[in-house]
Amino acid sequence: MEKLFDFVLTAKEQPSIFQERYEEVENAMVVLSGYYGSEVWKQDFADDEAGLLPEDLKRGVLSEDGLWNLLSEWKV
């Protein structure tokens with residue numbers, strides 16, 4: 001999910017990528033939308049809060065605001 005999150009953020013910041021790969025961006029947003037708030041996301045978030053995930057793991061998709069902001073901008 002982190003890779004999808006990073007991909008969409010990159011596409012959002014670079015219009016040429018966004019235009020060329022719009023369908024991929026849209027599909028990624030649908031997947032991220034389904035993930036956010038799901039039981040899987042909640043468990044991943046709880047595991048992170050409990051310190052069960054590797055310290056060097058990127059956590060953008062688990063930040064409470066990062067993914068929500070991205071989804072609300074996209075309005076999936």
Side-chain angles (χ1 to χ4, degrees):
M1 291 299 163
E2 190 69 28
K3 287 180 183 180
L4 290 177
F5 182 71
D6 287 345
F7 168 64
V8 172
L9 288 177
T10 299
K12 183 180 162 204
E13 295 170 1
Q14 297 180 20
S16 62
I17 292 174
F18 186 83
Q19 289 177 339
E20 292 171 11
R21 299 177 70 183
Y22 179 80
E23 199 168 302
E24 286 177 74
V25 173
E26 188 173 59
N27 289 337
M29 289 301 296
V30 169
V31 171
L32 288 169
S33 180
Y35 173 65
Y36 186 66
S38 70
E39 291 304 314
V40 174
W41 184 89
K42 290 175 186 175
Q43 186 61 56
D44 291 345
F45 184 81
D47 288 349
D48 187 38
E49 291 288 302
L52 300 175
L53 300 179
E55 287 184 30
D56 62 343
L57 184 69
K58 282 186 70 178
R59 290 167 166 75
V61 79
L62 293 178
S63 71
E64 293 183 73
D65 293 334
L67 187 52
W68 185 88
N69 289 340
L70 185 67
L71 292 171
S72 65
E73 290 171 11
W74 186 267
K75 299 183 185 190
V76 173

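No experiment lies behind these values; they were computed from the predicted model shown. Residues: numbered from 1 along the sequence shown.
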_Go through it in stages, so that I can follow the logic: the residues are E23 and N27, the test is side-chain hydrogen bond (donor to acceptor under 3.5 Å, both in side chains), and I'd like the CA-CA distance, side-chain angles, deciding distance and then a yes or no._
CA-CA 6 Å; E23 199 168 302; N27 289 337; 4.6 Å; no

* Asked: Quick one: are Y35 and V61 in side-chain contact, heavy atoms under 4.5 Å?
  -> yes

*Stepwise side chain to side chain contact (heavy atoms under 4.5 Å, CB included) check, V31 with M1*: CA-CA 8 Å; V31 171; M1 291 299 163; 3.6 Å; yes

d(N69 CG, S63 OG) to nearest 0.5 Å is 8.0 Å

Rounding to 0.5 Å, atoms CD (E49) and CG (L62) come to a distance of 9.0 Å

Here the side-chain hydrogen bond (donor to acceptor under 3.5 Å, both in side chains) pairs for residues 10-19, sequence neighbours left out, are K12-E73

When rounded to the nearest 0.5 Å, the distance separating NZ of K3 from NZ of K58 is 11.0 Å

Shortest non-hydrogen pair, F7 vs A28, comes out as CD2-CB, 4.3 Å

**Residues D48, D44; criterion side chain to side chain contact (heavy atoms under 4.5 Å, CB included); working and verdict** = CA-CA 6 Å; D48 187 38; D44 291 345; over 6 Å; no

When every non-hydrogen atom of A11 is compared with those of F18, the smallest separation belongs to O-CB, 3.2 Å

Scanning both residues in full, the closest heavy-atom pair of L71 with M29 reads CD2-CE, 3.5 Å

In terms of heavy-atom contacts, V25 and V8 come closest through O-CG2, 4.2 Å

E2 and R59 have their tightest heavy-atom pair at OE1-C, 3.7 Å

- Honestly curious: do L52 and W41 fall in one hydrophobic cluster under the side-chain, below-4.5 Å linking rule? no

